[in-house]
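Count residues from 1 along the sequence. Side chains are part of it too, since the values below use all heavy atoms of this structure and drop only hydrogens, waters and symmetry mates.
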Amino acid sequence: MMKLSTAYNRYKDKWWALPLVLPFMLYPITQYLSTYGTVDGFEIPFFYLNMALTTILTVIYGFKALPGIILCIFYRVYPDRGLEPALMSILHYFTSVAICCAGYYYFTGKRGRASFGRYNLTWQRIFWLVVVNATLFLNYFHAELYLGLFGMNPSMMYVSPFTTRTLINYQGMLVGNIIGLPMLYLVIRSIRTPAYTLKYLKKIRHQVANDLRLPELTCLVGSLAVLTILMIAPLSHSLPLMNSIYTLTLLLPLMIWGTLRLGHAAISIVWWVLLIVLCSHIQRFIPHDAYYTLHLAVATSCFSAFSITITLMAINISRQRVLNLKTQRLMYIDPVVHLPNLLALEADLKQNTVSVLCQLYMPDLELLGRNYGLLMQVQYKQQLARYLEPVLDKDELIYMSSGHDLVMRICPLHAEKRIAEIYSKAKDFRFIRDGVKLYPQIGCSYCIINYPVGHLYLLIGELRTLAEISLTTNLPVDLRKQSSRQVQNQVKTKVDMMNQLQRALELDRFVLMVQPIESKKGDCYHEVLLRMRGNNDELIFPNTFLPLANEFGMSSNIDLWVLHNTMKFMDETRHSRPNHRYAINLTPASICRTDMANHIERLMIKHGISPAQLVLEVTEADELTNNLQAEKTLDALQRLGCKIAIDDFGTGYASYARLKTMRADILKIDGSFIHNINSSEMDYKIVQSICELARIKNMTLVAEFVETEDIRTTLYRMGIDYVQGYLIGKPAPIESLPATAIPGLPDTAVG
């Protein structure tokens, strides 16, 4: 059996195989299904399929089909009419089919062999294979009749072509081509490749409307069947009104209904069956009166018009349905990472009563994306998803969440064991970029959920919070083992703080505080500190809202607010406080902005502030380590005349390495080294080494967290230039500064 199948697939398209056999096998069937009638003593077709057969064979097989077509026509015509009519019939068929197929393939190429129902081929097929084909066939037929090439058969004698009979003939050929071509294509392709039948059935299933139900389908089929039976019933039944060509008009709305609900693949078969039945019994509903010929012309006109309308509508409806399906599929796919998104997750959860959600959180992708670009983040997620696929079952997918998260839906059976396996495999993943292996930290959290899920997005937010905890425990975190209420409160607190920050920026609900920084000689300047008014006008400290501002991308806007309002205050009080100088903190997000230096310059010009009055403090954060833009911004600010201070020195990443390369004017030593300097030899040595390095670079030294006189004495003895802390002065509102001129900071002190 296997050998027979292999031989069939190998030789089936040879000219002496199917192309030769199919015409002899299908021609009798198309001849039987074609409908003929006598008009004015001449036999003409009402529904002609033979031309459609020769055309579709040529479309599928090309020149390979010609031997089979020629032999078949000769075999069918020669016994009844003789040699010359047989040769003329062969020339007749060959000429019209060759011209229309040549024109068709000239414009479509090899794609012209594709299955019927394709929108981009519809108009070419209707024009070349239907209209041009039928027109050429009919004209050649009349030319041969005129030349008497069909012999002396009385029914084949030439008469004027400009008659109603010719119109009926032409419309019968049009209908035969419109309906016959796709049906014969289906038959031939199914014989050539039996699996095509299953493919066609799948096409029917995909094109049928999703909301079509059995009662509606039964009503549609029943209506068509009843109307057809009433039309073809004998003329003597009790409803003679149904035996009328005008009853045909009732078919159109029913067929349009079927077209809208079933699509092209199914409605083509339905209309093909209806046409064969109606044309075979056309005498049943055509009145045999003086206008018989006119009634036939009207009936065939209805058949052709309905066929074109139904075909075009069905193809357009099916195309629109396919486009809608593609659009729906695209809705469920992340357009950048090309992984299923949260909409797809929500749809999949509806199909499962109980599921387990597992979330992987990779916060370091933000930092890596700054250095390697967005493409690195996309590739990392794609490769990680492919790396984890072998651990998942077939019906389990990995979904793209917002930010730097991936979410998985897994079956609840042995969930904890499987999640531990997934997390272990995820941590083993290594992403290679430019020859460097990158392995960001990965946090993992999970929970069991039941359908329906009314709070999916809130739940994902809670899982992210737990995944952050997993970064420290190095174990997957189960939502059930944590306080769900506590997690929800954490998420709610973050959202509430974000809203308060936005409201504070819009309504100026920030408060500027200042704390003095004093030298041994009594010189003094002030650091600007920030507070925020809460919902109840309470003061919120920056350690509460600044981390969230950085997380939500609002820290740069807050810095601009501080700069603008500080300079505005300096402008308004320039006469009462002419020599005051202020140190203002800038976050890493601000330093990394390309336009920050220009912003500061415009503010100084607007408020008439001298650059020497500003000290810009930069937090020693890891974000500045490899950021060229930060260095450009700081260089631009120094060229303007502003002083640059490194804040909280000693607590960041590679402090001494940065001190070696960064050009700054002031170095502020973090208070964690100052608090126990008199009791900790280690802290003393660290501060001493920082002082030595700062002197080498000719930098001014400032010590934070000075709370006792002993600490201040020790610091001055070590060579510290300025001290800051509660001993010197506590933070106070900027408006509370004394309205007297305070000696300015000498150039040797702050630059």
Side-chain angles (χ1 to χ4, degrees), residues 115-119 122 175 178-180 182-183 185-187 190 196-233 237 239 241-281 284-285 299 302-332 343-344 346-348 350-351 451-452:
S115 59
F116 281 73
R118 295 176 179 265
Y119 177 82
T122 299
V175 175
I178 294 174
I179 302 302
M183 291 302 102
Y185 181 91
L186 171 61
V187 172
S190 298
Y196 183 78
T197 305
L198 297 177
K199 183 179 178 180
Y200 195 83
L201 293 175
K202 290 181 180 179
K203 183 187 293 187
I204 292 176
R205 186 183 65 185
H206 291 156
Q207 291 182 359
V208 170
N210 293 331
D211 58 344
L212 180 66
R213 298 294 180 263
L214 183 60
E216 182 182 359
L217 181 61
T218 304
C219 182
L220 173 62
V221 175
S223 300
L224 290 172
V226 169
L227 183 60
T228 304
I229 292 172
L230 290 175
M231 289 181 63
I232 66 176
H237 68 69
L239 295 173
L241 181 62
M242 302 305 297
N243 296 110
S244 168
I245 58 171
Y246 303 108
T247 312
L248 284 174
T249 57
L250 299 177
L251 278 176
L252 185 59
L254 287 177
M255 290 304 301
I256 291 177
W257 176 21
T259 300
L260 295 175
R261 307 300 289 166
L262 299 179
H264 176 263
I267 206 65
S268 297
I269 298 177
V270 173
W271 182 235
W272 186 48
V273 173
L274 282 178
L275 273 182
I276 291 176
V277 173
L278 292 174
C279 291
S280 300
H281 301 83
R284 299 284 183 89
F285 56 89
C302 288
F303 290 151
S304 59
F306 291 0
S307 298
I308 293 176
T309 302
I310 292 168
T311 299
L312 293 179
M313 281 194 63
I315 290 175
N316 277 300
I317 290 297
S318 299
R319 175 174 178 262
Q320 188 62 45
R321 196 160 287 152
V322 169
L323 291 177
N324 290 339
L325 289 175
K326 288 183 178 179
T327 303
Q328 290 179 3
R329 284 197 294 267
L330 290 175
M331 287 174 56
Y332 293 117
L343 287 177
E346 195 169 10
D348 288 344
K350 293 180 181 179
Q351 309 299 322
Y451 177 80

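Atom CH2 in W272 sits 7.0 Å away from atom CE in M183 (nearest 0.5 Å). Residue M313 holds its CE atom at 8.5 Å from CG of L252, rounded to the nearest 0.5 Å. Distance check: Q320 CD to L325 CG gives 10.5 Å after rounding to the nearest 0.5 Å. To the nearest 0.5 Å, the span separating SG on C219 from CG on L214 amounts to 11.5 Å. The CD atom of Q328 lies 10.5 Å from the CG atom of L330; values are rounded to the nearest 0.5 Å. For the atom pair CD1 of I204 and OG of S318, the computed distance is 10.5 Å after rounding to the nearest 0.5 Å.
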Worked verdict on V208 versus L217 for side-chain contact (heavy atoms from CB on, under 4.5 Å): CA-CA 11 Å; V208 170; L217 181 61; over 6 Å; no

Working for side-chain contact (heavy atoms from CB on, under 4.5 Å), residues M255 and L224: CA-CA 8 Å; M255 290 304 301; L224 290 172; 3.9 Å; yes

Worked check of side-chain contact (heavy atoms from CB on, under 4.5 Å) between V322 and K326: CA-CA 6 Å; V322 169; K326 288 183 178 179; 4.0 Å; yes

Audit row: L186, F116, side-chain contact (heavy atoms from CB on, under 4.5 Å) steps and yes/no: CA-CA 9 Å; L186 171 61; F116 281 73; over 6 Å; no

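At least one donor-acceptor pair closer than 3.5 Å links the side chain of Y200 to the backbone N or O of A265. In terms of modelled atom types and a separation under 3.5 Å, the side chain of T197 and the main chain of S190 share no donor-acceptor contact. Of the possible polar contacts, one joining the Q207 side chain to the H264 backbone as a donor-acceptor pair under 3.5 Å is found.
Contact record, I178 with P182: O-CD, 3.2 Å, taken as the closest heavy-atom pair. Nearest heavy atom pair, residue W271 against residue F303, reads CZ2-O, 4.2 Å. Counting all heavy atoms, side chain and backbone alike, I315 lies closest to R118 at CG2-C, 4.3 Å. Closest approach of R321 to L262, counting heavy atoms only: NH1-C, 4.4 Å. Closest approach of T249 and F306 over heavy atoms only: CA-CZ, 4.1 Å. In terms of heavy-atom proximity, L220 sits nearest to L254 at CD1-O, 3.6 Å.
With no hydrogens or angles considered, a side-chain donor-acceptor pair links S115 and K203 at under 3.5 Å.
Counting heavy atoms from C-beta on, the side chains of L248 and L251 come closer than 4.5 Å. The side-chain heavy atoms of I179 and I276, taken from C-beta on, include no pair separated by under 4.5 Å. Using a 4.5 Å cut-off on side-chain heavy atoms (C-beta onward), L274 and T228 make contact.
Within 6.0 Å of atom OH in Y196, more than 12 heavy atoms from other residues, nucleotides or ligands are found, so the atom counts as buried in its surroundings.
Each salt bridge (Lys or Arg N to Asp or Glu O under 4.0 Å) pair with one or both residues in residues 252-280, not counting sequence neighbours, appears once here: D211-R261, E216-R261.
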